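Below is one structure, written out as structure tokens; the observations come after it.
Computation of the quantities below employed the complete heavy-atom set of this structure, encompassing side-chain atoms and omitting hydrogens, waters and symmetry-equivalent molecules. Chain identifiers are assigned alphabetically (A, B, ...) following the order of the sequence lines, protein sequences preceding nucleic acid strands; residue numbering begins at 1 within each chain. All values reported here derive from a predicted model rather than from experimental measurement.
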Number of protein chains: 2
Amino acid sequence: MTERFVVLKLLIVILRCSSLNMGATKTDLFTKEQNDMAAMAKALAHPARIAILEYLVAKNVCITSTFVEELGLAQATVSQHLKELKLAGIIQGSIEGTSVCYCINPKIWKQYKALFNSFFKDVAPNGQDCC
Amino acid sequence: MTERFVVLKLLIVILRCSSLNMGATKTDLFTKEQNDMAAMAKALAHPARIAILEYLVAKNVCITSTFVEELGLAQATVSQHLKELKLAGIIQGSIEGTSVCYCINPKIWKQYKALFNSFFKDVAPNGQDCC
DNA sequence: TTTAATTATCGCAATATTGCAATAATACAA
DNA sequence: TTGTATTATTGCAATATTGCGATAATTAAA
């Protein structure tokens, strides 16, 4: 009786989990705009990537080895963060000898700026309680 | 000879990993402002949380059960996302009977708006190559 | 062609996030 | 007090992210 119940529960768990993708974000529940907005935020969701972007905005260009010195992270780690930013489109790299020179992608940068700006619409400055 | 080498390598790995915090973000390498900016971005880095904020901006107030219907995620999952947004300070909840009524925290919302806006400084619209 | 310099990728371990069922906690009504 | 409705928390599994050593790939110089 109790045994049967346990077996049944186990089967349910197995069925549920074997239908896969457990633990991953359910992107299909949301609009493309919402998923894109979240993806943009994710690209900014690490202090190293914030630091990289701030540095590029201030200095215009920078090569990987300088980022490694500036950030204090291992070369492999920095390379990965740069890859993510490049994948998000917000920076671009051009090969310069044995180095790679990175800079902001101005077009995508402006898109980010515009989308974040329109996301943060003005809200009424109501009091402490909502309802 | 080879054996000694292997043992030494193992020891190095153990020492390195036992100094702990492996896999976690190295926040101490960055400024408070950079960590804060990344944390704000992280709060927005999920489509469900984007959807929640958009809904609140549009409708002003909303209770948990409505979010559950709107989002199509399980109640536990929605509750967790609301908790994260509350922890980030960007929303606030007030108990209304057996429900909890959520709304944007206008003060923090404006802070987010201002900080994202000042993060996306204007960049020169240079060409394809950086250097 | 060999060597040096620089960057990208692989493989692994640790931590973090996502999602949900089950259950606990809370507030109201009967 | 007991039951009902709603929300929060717990515990677990799956996936994602972070970090880095080792190594491969790429480019320029010798």
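- A/N35 and A/F30 get closest at one heavy-atom pair: ND2-O, 3.5 Å.
- Among the nucleotides D/dT17, C/dG19, D/dT18, the one closest to any side-chain atom of A/K42 is D/dT17.
- The separation between B/K83 atom NZ and C/dA24 atom P is 17 Å, rounded to whole Å.
- In this structure, B/R49 contributes its side chain and B/A43 its backbone to a donor-acceptor pair below 3.5 Å.
- A 4.5 Å side-chain heavy-atom check between B/F119 and A/K113 finds every atom pair outside the cut-off.
- Among the atoms of the strands shown, only primed sugar atoms or phosphate atoms (P, OP1, OP2) are found under 4.0 Å from some heavy atom of B/Y102.
- Taking atom CG of B/L73 as the reference point, atom P of C/dT17 lies 17 Å away to the nearest angstrom.
- Under 4.0 angstrom from either OP1 or OP2 of C/dT17 there lies no side-chain N or O belonging to B/H81.
- Partners of B/F120 under the ring-ring contact (aromatic ring centres under 6.0 Å, His included) rule, at least two apart in sequence or in another chain, are A/W109, A/F116.
- In the interface, the side chain of B/Q75 is paired with the base of D/dA8 through a donor and an acceptor atom under 3.5 Å apart.
- B/E69 places no side-chain N or O within 3.5 Å of a backbone atom of B/T66 that could act as its donor or acceptor partner.
- Heavy atoms of A/I63 sit under 4.0 angstrom from primed sugar atoms or phosphate atoms, though from no base atom.
- In this structure, B/L71 atom CG and D/dT7 atom P are separated by 13 Å, rounded to whole Å.
- For the pair A/I52 CD1 and D/dG19 C1', the computed distance is 14 Å after rounding to whole Å.
- With rounding to whole Å, A/L87 atom CG is found 13 Å from D/dT18 atom P.
- When each of A/T64 and A/K26 is assigned the nucleotide of DNA chain C bearing its nearest heavy atom, the one mapping closer to the 5' terminus is A/T64.
- Around CD1 of B/I95, the count of heavy atoms belonging to other residues, nucleotides or ligands within 6.0 Å does not exceed 12.
- B/S79 has no side-chain polar atom (N or O) that falls below the 4.0 Å cut-off from OP1 or OP2 of D/dT9.
- With sequence neighbours excluded, the residues that form a side-chain hydrogen bond (donor to acceptor under 3.5 Å, both in side chains) with A/D36 are A/K32.
- Among the heavy atoms of the strands lying under 4.0 Å from B/T77 is at least one base atom, whether or not backbone atoms are also near.
- Rounded to whole angstrom, the span from the CG atom of A/L85 across to the P atom of D/dT17 amounts to 13 Å.
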Taking only nitrogen or oxygen atoms into account, show me every contact under 3.5 Å that the protein makes with nucleotides 26-29 of chain D, one pair per line with its distance.
none

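- In this structure, of C/dT9, C/dG19, C/dA8, it is C/dA8 that holds the atom nearest to the side chain of A/K86.
- Shortest non-hydrogen contact noted between A/C101 and A/V61 is SG-CB, 3.8 Å.
- For the pair A/A24 and B/V100, nearest-nucleotide mapping onto DNA chain D gives the more 5' position to B/V100.
- The interatomic distance linking B/H46 (NE2) with C/dA16 (C1') rounds to 13 Å, in whole Å.
- When heavy atoms are screened at a 4.0 angstrom cut-off, A/A74 is found touching the sugar-phosphate backbone but no base atom.
- For the pair B/S99 and C/dA27, the criterion of a side-chain N or O lying under 4.0 Å from OP1 or OP2 is not met.
- In this entry the distance linking CD of B/E84 with P of C/dA16 reads 13 Å, nearest Å.
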